[in-house]
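I have placed the structure first, in the form of structure tokens, so that the comments after it can refer back to it.
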Amino acid sequence: MSDYDYDLFVIGAGSGGVRAGRLAAQLGKRVGVAEESLPGGTCVVRGCVPKKFLVYGADFGDAIRDAEGYGWSVDAATFEWSVLRDSIQKEVNRLSGIYSTILEKNGADLFRERAEFVDAHTLRLVESGKTVTAETILIAVGGSPWAPDLKGIQHTIVSDDIFHLPEQPKRMLIIGGGYIACEFAGVFAGLGTDVIQAYRGGRLLNGFDAEVRDEVGHLQLRNGIDLRFNISPTEIRRTEGGLIVSFDDGSKIGTDCVLMATGRRPKTDTLGVEAAGVKVDPNGAVQVDAYSRTSQPNIYAVGDVTNRVNLTPVAIREGAAFVETVFKDNPVAFDHDDIASAVFTRPPVGVCGMSEGDARRKYGDAVTVYTTQFRPMKNILAGNEHRCFMKVVTKGEEETVIGVHLVGDDSAEMIQMVGIAIKAKLTKADFDATCAVHPTIAEEIVTLKPREINKTTVVT
Ligand code: NDP
């Protein structure tokens with residue numbers, strides 16, 4: 001046994017930290033974990049979980065409207081924000097309790113306070129003033145919302161605040177075109193708020209396949225979201241009638257609530273990483289190798305704090321790989337390729353692998369693209385205008401599937417399954433050899449035809 005207080009000390013009880021802490025404790029290691037907020041991290045407390053409940057909440061509004069086409073009459077459906085908000089918080093607290101229990105039941109010590117580096121093996125627990133030492137330290141502190149330093153920025157909120165809003169805003173302005181902006185625009189529009197989404201670019205969801213980006217623009221419009229492109233806010237003023245936001249094109253928007261969904265940054269600014277000799281990049285992301293090891297050999301980092309692929313399941317896999325590497329003498333580098341993910345717009349987006357643009361830039365003429373677009377059966381009787389879009393990108397004569405892009409009902413569920421096929425490097429012929437399940441949305445994936453303009457199109 002080493003002279004340190006702990007074999008492993010984990011900073012941050014989020015998805016990655018808890019997985020690593022639990023697995024190490026189960027191996028009989030002496031594990032300490034510090035968490036300044038509720039255990040569970042961004043995903044459970046102020047991210048994926050409460051957000052998905054809001055999405056479900058908004059979807060019920062559509063379901064009620066759609067039901068009329070199926071013969072149901074629904075009188076005077078009303079929505080009460082406080083009921084949904086409080087139900088979500090109750091569930092968040094329950095889940096957070098499970099995260100604490102998981103650690104404690106496996107013998108880890110959970111410190112409900114902030115930890116900061118004193119040196120490469122020593123941490124100060126800020127509230128109690130206690131000092132702990134550890135042979136290995138894992139940084140798993142995640143990230144937090146970031147917003148530009150505009151005049152009046154104190155009048156705005158970030159995604160963390162959404163889950164505690166005292167009232168549902170009548171009008172909401174969302175700044176940003178990424179995941180969080182698109183998801184919350186869909187949620188609040190679905191709940192009955194008048195939503196304006198203002199983005200500095202010309203197409204939502206930067207980095208996604210171009211056709212997906214266009215489809216998401218269309219679905220936001222169909223959901224009643226007022227999209228304003230190519231503008232950036234310059235100032236926010238509070239007036240008696242609400243907030244007035246000025247933009248760089250001279251325009252102004254009046255609203256009740258401004259959500260800054262302008263990105264997230266790793267939470268390393270007050271961690272004291274320099275005292276431990278841990279290098280961070282200009283955005284504050286801890287720099288790690290393929291095994292999540294930092295520039296200080298006994299210190300590792302997983303999850304959003306490393307700004308690799310900022311998704312919960314990735315942090316969990318990185319945490320598990322870290323334990324294999326450090327405590328089981330089995331070096332494992334988590335493979336960050338072909339990670340399936342979803343954007344919970346309404347309906348959602350499901351993506352795995354390369355966009356058409358990236359594929360064409362890398363493989364040129366060796367790329368073949370298959371697409372389809374249709375109105376799903378359920379929406380026809382409902383009079384619901386939402387459509388489904390599907391794209392399969394293949395490469396080479398063998399037509400290995402290297403990208404699948406879905407927009408529409410159940411896309412998030414479908415992409416999890418398709419992700420297996422992509423990871424297994426299956427070909428278009430394998431997809432075609434798979435018999436359809438009828439009548440479903442998913443069956444279209446095994447019956448796709450090449451896009452006619454395929455050879456001539458380069459989509460960025
Ligand atoms: P994103 O990077 O997705 O989006 C940030 C948006 O803010 C972009 O549209 C960006 O524009 C814009 N922006 C950045 N700086 C400024 C500025 N100074 N002024 C105006 N606009 C600006 O970040 P999110 O915070 O939405 O999400 C962070 C990450 O969290 C995601 O990348 C994802 O990894 C994860 N996440 C995953 C979810 C899921 O799996 N469903 C849900 C939510 C988050 P531009 O595009 O031009 O750079």
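Whatever order the structure lists them in is the order used to number ligands and atoms, beginning at 1. The analysis underlying the following values was restricted to heavy atoms, covering all of them including side chains, and did not include hydrogens, waters or symmetry mates.
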Taking D409 first and then K378, would you say they form a salt bridge - that is, a charged N and a carboxylate O separated by under 4.0 Å? no
Does this structure show an ion pair linking R375 with E385, if we count only N-O contacts that are shorter than 4.0 Å? yes
Can you tell me which residue pairs pass the side chain to side chain donor-acceptor pair (under 3.5 Å) test with a partner in residues 137-160, sequence neighbours excluded? none
Considering the heavy atoms of I180, write down every atom of ligand 1 situated less than 4.0 Å from one of them. 24 (P), 25 (O), 26 (O), 27 (O), 43 (C), 44 (C)
How does N310 reach ligand 1, by side chain, by backbone, by both or by neither, if only non-hydrogen atoms under 4.0 Å count? both
Short list, please: which atoms of ligand 1 are under 4.0 Å from a heavy atom of A342? 39 (C), 40 (O), 41 (N)
Ranked by distance from atom 29 (C) of ligand 1, the top protein heavy atom is R264 CD, 4.3 Å
Any idea which protein heavy atom is nearest atom 31 (C) of ligand 1, and the distance to it? Y179 CD1, 3.4 Å
State plainly whether the residues E356 and R451 are in salt-bridge range, i.e. N to O under 4.0 Å. yes
Considering both backbone and side-chain atoms of F344, is one of its nitrogen or oxygen atoms within less than 3.5 Å of a nitrogen or oxygen in ligand 1? no
Using a 4.0 Å cut-off to any heavy atom of N206, which atoms of ligand 1 qualify? 45 (P), 46 (O), 47 (O), 48 (O)
Counting both backbone and side chain atoms, is some N or O of V343 under 3.5 Å from an N or O of ligand 1? no
What is the nearest protein non-hydrogen atom to atom 21 (N) of ligand 1, stated with its residue, atom name and distance? T262 CG2, 3.5 Å
Classify the angle between the aromatic ring planes of F188 and F184 as parallel (below 30°), tilted (30 to 60°) or perpendicular (above 60°). tilted
For atom 18 (N) of ligand 1, grab the closest protein heavy atom and report residue, atom and distance to one decimal in Å. P148 CG, 3.7 Å
Tell me, which protein residue and heavy-atom name are nearest atom 2 (O) of ligand 1, and how many Å apart are they? G263 CA, 4.6 Å
Checking contacts here: is it the side chain or the backbone of S341 that comes within 4.0 Å of ligand 1, counting heavy atoms only? Could be both or neither. neither
Electrostatic pair E318-R308, nearest N-O below 4.0 angstrom: yes
What part of L311, side chain from CB on, backbone N/CA/C/O, both or neither, has a heavy atom under 4.0 Å from ligand 1? side chain
If we count only non-hydrogen protein atoms and require a distance under 4.0 Å, does atom 27 (O) of ligand 1 qualify as touching the protein? yes
Winner among R308, K52, R200, M260 once heavy atoms are compared against atom 47 (O) of ligand 1: R200
Any nitrogen or oxygen of Y199, main chain or side chain, under 3.5 Å from a nitrogen or oxygen of ligand 1? yes
Please classify the F184 to ligand 1 contact at 4.0 Å (heavy-atom distances, strictly less than): side chain, backbone, both or neither. neither
Is it true that D335 and K423 have a side-chain N and a carboxylate O under 4.0 angstrom from each other? yes
Which atoms form the tightest heavy-atom contact between V393 and A359, and what is the distance? CG1-CB, 3.7 Å
Contact check: G178 vs ligand 1, nitrogen or oxygen atoms, below 3.5 angstrom: yes
To check your reading of the model: name the closest protein heavy atom to atom 42 (C) of ligand 1, its residue, and the distance in Å. E183 OE1, 3.3 Å
Restricting to pairs with a member in residues 286-319, which pass ring-ring contact (aromatic ring centres under 6.0 Å, His included), not counting sequence neighbours? Y300-F322
With a 4.0 Å cut-off on heavy atoms, is G201 in contact with ligand 1? no
Contact check: P233 vs ligand 1, nitrogen or oxygen atoms, below 3.5 angstrom: no
Is it true that D226 and R228 make a salt bridge, defined as a side-chain N closer than 4.0 Å to a carboxylate O? yes
Numbering the atoms of ligand 1 from 1, which are under 4.0 Å from a heavy atom of K51? 41 (N), 42 (C)
Indicate, with yes or no, if the rings of F53 and F163 have centres closer together than 6.0 Å. no
Heavy-atom contacts under 4.0 Å between A261 and ligand 1: side chain, backbone, both, or neither? backbone
So, is the end of the K391 side chain (NZ or CZ) under 6.0 Å from the ring centre of Y370 and within 45° of the ring's axis? no
